Each structure stands twice: as C-alpha cells, then as structure tokens.
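What follows is one structure encoded as structure tokens, with my remarks underneath.
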Number of protein chains: 2
Amino acid sequence: MKTFNIGELSEKSGVASHAIRFYERENLMPEPARTQSNYRRYPEDAIARLQFIIHAKQWGFTLDEIRELLMLQDANGDRAEAKRIAKKQLEKIRHQIQSLSRIEAVLSETLEECSGEGPMDGCPIVEAIAQKG
Amino acid sequence: MKTFNIGELSEKSGVASHAIRFYERENLMPEPARTQSNYRRYPEDAIARLQFIIHAKQWGFTLDEIRELLMLQDANGDRAEAKRIAKKQLEKIRHQIQSLSRIEAVLSETLEECSGEGPMDGCPIVEAIAQKG
DNA sequence: GTTGACCTTAAAGTTCACTTTAAGGTTATG
DNA sequence: CATAACCTTAAAGTGAACTTTAAGGTCAAC
C-alpha cells in the first residue's frame with residue numbers, strides 16, 4: 001500500500017501542507033502515522049478525505065459542519081443526521097439566493113436609470129442606496 | 001438645528017456607538033464637532049449617512065466600496081465612477097447567484113435521493129459531496 | 001454628594017479559514 | 001559533504017467588520 005509525505009499529499013489533493021496540518025489540529029483529518037524521523041505518513045484515502053473537505057467547502061459548508069459530516073462518516077452514524085445538516089445547508093443557500101436576487105433586481109434597475117453622466121448630486125444609484133435599502 | 005451625542009445617534013441610526021467611532025477611524029464618517037467636554041456632537045444628517053452605510057452593506061458593498069461612494073458624494077464627483085462601482089457590484093452579485101444556483105440544484109436533487117434512513121455508509125449526500133464536488 | 005448612565009481613548013479580542021514566520025531537524029542529489 | 005528541498009513545532013499574522021476591555025472623565029437624578 002502506497003503512503004505519502006505531507007508534501008506529496010498536498011500535491012495530490014491540492015491542499016497546502018500547512019492547511020493539512022491545520023485540518024489535523026481542527027479534527028477534520030485524523031492524526032497520521034509517523035516515520036522514525038517524525039514525518040507524517042498518509043495512506044491513499046487521505047486524498048479522498050481532503051477532496052471531500054474541498055468539495056464540501058465549495059458547497060458552502062463551514063469547517064464545523066464538515067467536521068460533523070466527517071465524524072458521522074467515521075462513526076458510521078445515522079443518515080438522518082447527515083440529511084438534517086444538508087437540509088439546513090440547502091435552506092441557507094436558498095435564502096442567500098433569494099436575498100441576492102432581490103438586490104440584483106433593484107440594483108440592475110437602478111443602473112439602467114443612471115446615465116453615468118454628470119455630477120453625483122442626484123445620482124440614482126446613490127439615491128437608491130440611501131432610500132430603498 | 002438639533003445635534004446628538006453618539007448614544008442618541010446610535011439609537012436613531014441603529015448603529016452601535018463603537019461602530020460609529022470605528023467608521024470615523026475608517027473615514028466613512030467625518031470627524032464631528034466636540035462639546036467643551038470633548039463629547040462628539042452630530043448634526044441630523046449623520047443619521048442619513050449611517051443609514052446609507054447600512055443599506056450599502058445590505059447590498060453587499062464592502063466598507064472600502066462604501067467609502068469610495070461616500071467620497072464621491074462628498075466631493076460631488078463623477079457619476080460615471082459611481083456607476084462603475086455599482087456595475088462591478090452587480091456582476092459580483094450575479095456571479096454569486098449563479099454559483100449558488102448550481103449548488104442549490106445539485107444539493108436539492110441529492111436530498112431527494114436520500115431517504116434519511118439507515119447508516120452513513122452509502123449515504124447519497126456524502127457520496128455527492130465526495131464525487132460531484 | 002454619590003450613584004449610575006453616559007462619554008473619552010487606545011489596544012486587544014472575535015470569527016473564519018487559513019498563511020506566515022521563526023527556528024530548527026531530515027533526506028535526496030551532485 | 002554540502003546544499004537544497006523537504007519535514008517538524010508553536011506562535012503570530014491576515015482581512016473584514018466590528019466588539020470588548022481597560023482605565024478613566026462627565027453629567028443628570030435623587
């Protein structure tokens with residue numbers, strides 16, 4: 001079975017060595033085996049675990065939430081828990097989309113109103129921020 | 001003309017006194033007049049300026065961007081500049097909506113696939129994070 | 001005349017997710 | 001055998017946008 005130094009793992013996973021050590025301190029990565037000279041030695045599945053972390057981050061999960069998901073996996077815990085976490089995340093994302101969409105609508109409307117010429121005094125953009133909030 | 005202490009301004013604007021002093025340090029709020037005892041004394045339009053800041057923040061502008069907008073207003077600068085800043089912000093928001101929508105689609109699909117019952121092993125949510133990224 | 005609610009400053013703390021620095025020890029290459 | 005490229009730790013720094021703390025001075029009410 002192949003094993004890796006932290007630098008090799010970093011290259012294969014796309015996560016900086018320092019970040020890997022950080023994840024270890026934060027209990028997202030398990031403490032790996034050590035060589036005689038105290039170097040960390042990782043098994044192949046450490047790559048998948050780091051990629052899981054990367055992907056979950058891209059999905060907007062915080063490290064706290066990712067840790068929860070990983071701990072569930074490690075303990076082969078209850079699927080209901082994972083669903084609860086993911087559901088909460090989906091709601092968070094939908095909420096964000098809604099408020100961004102509202103802002104998008106008002107902002108694009110305002111931009112159309114503003115000729116982009118003349119002095120700031122009376123500028124529709126500034127007035128929109130001041131009034132419509 | 002009415003003037004206010006920082007506490008009164010805080011109440012009227014909904015911005016904490018400490019945050020108001022912070023905005024002063026950060027050049028978002030001008031240095032106000034002082035009483036004999038060195039208390040800050042604000043004119044009425046300080047309320048509107050703070051509300052402008054609050055609203056711009058809700059629209060996703062950073063304090064740096066808000067400072068730029070306020071400086072343009074103070075200098076009665078060029079409307080084209082304000083439009084440029086707002087345009088950049090609109091693009092940022094549209095970009096955010098797009099990537100959140102992509103995540104929303106995959107995450108809601110995944111949630112439908114997951115019964116929410118049984119052990120973590122083989123859970124569609126975990127697999128989706130691990131694979132689809 | 002003292003209590004309590006205000007105000008002042010500078011500096012340090014918060015959260016998140018790392019990155020950077022300092023001060024070393026180890027291993028691979030020429 | 002030197003030197004470069006790895007590895008180790010602990011601690012401090014980053015950035016955004018504040019908040020909290022420390023150590024006071026001031027003002028209104030009873």
Side-chain angles (χ1 to χ4, degrees), chain A residues 3-43 46 49-70 85 88-89 92 96, chain B residues 3-43 46 49-70 85 88-89 92-93 96 129:
Chain A
T3 59
F4 312 107
N5 276 354
I6 198 165
E8 292 165 314
L9 179 60
S10 168
E11 226 178 290
K12 281 179 199 298
S13 65
V15 177
S17 311
H18 280 298
I20 296 173
R21 291 195 199 95
F22 170 74
Y23 290 152
E24 187 182 323
R25 277 201 302 286
E26 294 292 308
N27 298 314
L28 293 159
M29 292 298 285
E31 292 185 20
R34 299 288 184 129
T35 66
Q36 281 191 325
S37 60
N38 205 30
Y39 283 20
R40 286 173 179 79
R41 211 65 217 184
Y42 291 96
R49 197 179 174 100
L50 282 170
Q51 276 163 356
F52 180 92
I53 295 172
I54 294 173
H55 294 161
K57 266 163 47 67
Q58 284 168 354
W59 279 27
F61 288 98
T62 64
L63 294 194
D64 278 359
E65 289 161 341
I66 297 170
R67 185 189 303 109
E68 250 192 288
L69 286 171
L70 287 166
I85 294 169
K88 225 182 74 191
Q89 181 62 10
K92 214 167 75 185
Q96 279 174 38
Chain B
T3 60
F4 311 107
N5 275 354
I6 198 165
E8 292 165 315
L9 180 60
S10 168
E11 228 179 289
K12 281 178 200 298
S13 65
V15 177
S17 311
H18 279 299
I20 296 172
R21 290 194 200 96
F22 170 74
Y23 289 151
E24 186 182 322
R25 278 202 302 287
E26 294 291 310
N27 298 315
L28 293 159
M29 292 297 287
E31 292 186 19
R34 299 289 183 129
T35 65
Q36 282 191 326
S37 59
N38 205 29
Y39 282 21
R40 286 172 178 80
R41 212 64 217 184
Y42 292 96
R49 196 178 175 100
L50 283 170
Q51 277 163 357
F52 180 92
I53 295 172
I54 293 173
H55 294 161
K57 266 163 49 64
Q58 284 169 355
W59 279 28
F61 289 98
T62 64
L63 294 194
D64 279 359
E65 288 161 340
I66 296 169
R67 185 189 304 108
E68 251 192 287
L69 285 170
L70 286 166
I85 295 168
K88 226 181 74 192
Q89 181 61 10
K92 215 167 72 185
I93 285 166
Q96 279 175 37
I129 298 175

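Chain letters run A, B, ... following the sequence lines, proteins first, then strands; residues in each count from 1. Not measured: the values here are computed from a predicted model.
- Mapping A:T35 and A:A19 onto DNA chain C by nearest heavy atom places A:A19 closer to the 5' end of the strand.
- The phosphate of D:dA17 (OP1 or OP2) has no side-chain N or O of B:Y23 nearer than 4.0 angstrom.
- The side chain of A:N38 sits closest to D:dT8 out of D:dT19, D:dG25, D:dT8.
- In this structure, of D:dA17, C:dC7, D:dT8, it is C:dC7 that holds the atom nearest to the side chain of B:N5.
- Side-chain atoms of A:A16 lie closest to C:dT19 of the nucleotides C:dT19, D:dG25, D:dT21.
- In this structure, B:R34 reaches the C:dT9 phosphate: one of its side-chain N or O atoms is under 4.0 Å from OP1 or OP2.
- Comparing C:dG25, D:dC27, C:dT19 by their nearest atom to the side chain of A:H18 picks out C:dT19.
- For B:L50 and D:dC18, the CG to C1' distance is 14 Å, given to the nearest whole Å.
- Between A:K57 and C:dC16 there is no side-chain polar atom (N or O) within less than 4.0 angstrom of OP1 or OP2.
- Rounded to whole angstrom, the span from the CD atom of A:E8 across to the P atom of C:dT26 amounts to 19 Å.
- Along DNA chain C, the nucleotide closest to A:R25 and the one closest to B:R41 are compared, and the more 5′ of them pairs with B:R41.
- Between B:R40 and C:dT9 there is a side-chain polar atom (N or O) within less than 4.0 angstrom of OP1 or OP2.
- A:L50 has its side chain out of reach of A:L28: every pair of non-hydrogen atoms, C-beta onward, lies at least 4.5 Å apart.
- Looking at B:T3, B:I20, B:N5 one by one, the single match for side chain to side chain contact (heavy atoms under 4.5 Å, CB included) with B:Y42 turns out to be B:I20.
- Between B:I20 atom CD1 and D:dA17 atom P there is a gap of 17 Å when expressed in whole angstrom units.
- At the phosphate of D:dA16, neither OP1 nor OP2 sits under 4.0 Å from any side-chain N or O atom of B:R67.
- At whole-Å resolution of the value, CG in B:L9 and P in C:dC7 are 10 Å apart.
- Protein atom CE of A:M29 is 16 Å distant from nucleotide atom C1' of C:dC18, rounded to whole Å.
- Within the 4.0 Å cut-off from OP1 or OP2 of D:dG25, not a single side-chain nitrogen or oxygen of B:S37 is found.
- Ion pairing of A:R40 with A:E31 is absent here, as no side-chain N (NZ or NE/NH1/NH2) approaches a carboxylate O to less than 4.0 Å.
- Here the C1' atom of nucleotide C:dC18 and the CD1 atom of A:I66 are 13 Å apart, to the nearest Å.
- Ion pairing between a basic and an acidic side chain is recognised when a charged N comes within 4.0 Å of a carboxylate O; B:E65 and B:K92 show such pairing.
- Atom P of nucleotide C:dT9 and atom CZ of B:F22 are separated by 15 Å, given to the nearest angstrom.
- Between B:I6 and B:Y39 there is no side-chain heavy-atom pair separated by less than 4.5 Å.
- Across the protein-nucleic acid pair, B:R21 atom CZ and D:dT21 atom C1' stand 13 Å apart, rounded to whole Å.
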